Amino acid sequence: MGEIVRLQKYIAMSGAASRRAAEKMIDEGRVSVNGEMVTGQGVKVEIGNDRVEIDGVLVKAEIKKIYIALNKPEGYVTTVKDQFDRPTVMDLVSKEIHTRIFPVGRLDYETEGLILMTNDGDWANRVTHPRYESSKKYYAVLKGVLTIPELNKIRRGIMLDGKKTSPAECEIMEIDMGMTLVEITIHEGRNRQVRRMFEAVGHEVKKLRREKIGIVELGNLREGRWRYLTSGEIEYFNKK
Ligand code: URA
C-alpha cells in the first residue's frame with residue numbers, strides 16, 4: 001500500500017502547484033480523483049494507487065526515496081510497532097524523518113549496531129535477499145575461551161535447523177577475563193544466526209554488535225544516531 005496523504009499535499013508533491021494553490025483549485029472544481037470531481041477539502045489519496053487529475057490532466061506525486069544507516073542501541077526492536085510496546089527503531093528517527101520508512105532486515109532486541117532503513121522496497125529486497133549474499137560483519141563477546149577447533153567449525157559452517165550455515169570469516173581479536181572477543185562475517189541472515197552459531201559450539205554470546213553490511217560501515221556513528229547513506233553506498237546494492 002502506498003502512503004496516504006491529503007489531496008493538496010499530493011498535488012504539491014507532484015510539483016503541479018503549491019498546497020495553497022492546490023486548495024484553490026479544489027475549491028474551483030478543477031481537481032478529480034479516480035474520475036470524480038472533488039467538491040470539498042479534506043479528501044485523502046493513496047500515492048501510486050489513486051488517479052489525480054487537474055483540468056483533466058494526470059498529475060503524479062512521487063515519494064522521495066530515503067536511505068539511512070542507524071546505530072541501534074540494545075533494547076530496541078527493529079519492527080515498526082511492537083506488540084509489547086517496547087521502544088522501536090522508529091522512535092529514534094521519527095523526530096527528524098517524516099516519511100514512512102522501515103528497517104531493512106532485523107537485529108535482535110539485545111543486539112546493537114548497524115541497521116539500514118528505507119522506504120524503497122525493491123532496494124530493501126536486494127539488500128536482504130539470500131541470492132545477493134550481502135556480507136554482514138559483527139563483533140561478538142563470547143562467554144568462555146573459543147578454541148581453535150571451535151573457531152574452525154564456525155568458519156566451515158554449523159548445522160542450524162537441519163541446514164549448514166555457509167562459510168564464515170571469523171577471527172579471535174582478544175581473550176580477556178575468560179571472555180573471547182571475535183569478529184565474524186556471515187553472508188546469510190537467518191534468525192539469531194550469530195548467537196546460535198556460537199551456542200552450537202558451546203559459547204553464549206554476551207554482547208553482539210553489527211559493524212558493517214556490504215560496504216556500509218557503522219564508523220563513528222554514535223549510538224542511537226543515524227546518517228544518510230552516500231550515493232555510492234546506495235548504488236552498491238543496486239549493482240549486486
Ligand atoms: N545474529 C544474531 O544472532 N542476532 C542478530 O541480531 C543478528 C545476527
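Values in this document were obtained by computation on a predicted structure and should not be read as measured data. In listed order, ligands and their atoms are each counted from 1.
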Looking only at distance, does Arg106 have an N or O less than 3.5 Å from an N or O of ligand 1? no
Note: ligand 1 atoms sitting under 4.0 Å from heavy atoms of Thr111 are 4 (N), 5 (C), 6 (O)
Distance from atom 8 (C) of ligand 1 to nearest protein heavy atom, with residue and atom: Tyr138 OH, 3.3 Å
Is there a donor in the side chain of Asn238 and an acceptor in the side chain of Arg126, or the other way round, less than 3.5 Å apart? yes
Expected output: side-chain Ser134 to main-chain Val127 donor-acceptor under 3.5 Å: yes
Contact region, Val205 to ligand 1, non-hydrogen atoms below 4.0 Å, reads neither
Which residue and non-hydrogen atom of the protein lie closest to atom 1 (N) of ligand 1, and at what distance in Å? Val194 N, 3.1 Å
Atom CD of Glu96: over 12 foreign heavy atoms under 6.0 Å: yes
In this structure, atom 5 (C) of ligand 1 is nearest to the protein heavy atom Asp108 OD2, 3.4 Å
State, yes or no, whether a side-chain contact exists between Ile184 and Phe198 at a heavy-atom distance under 4.5 Å. yes
Is it the case that the side chains of Asp120 and Tyr67 hold a donor-acceptor pair, with the cut-off being a distance below 3.5 Å and no angle test? yes
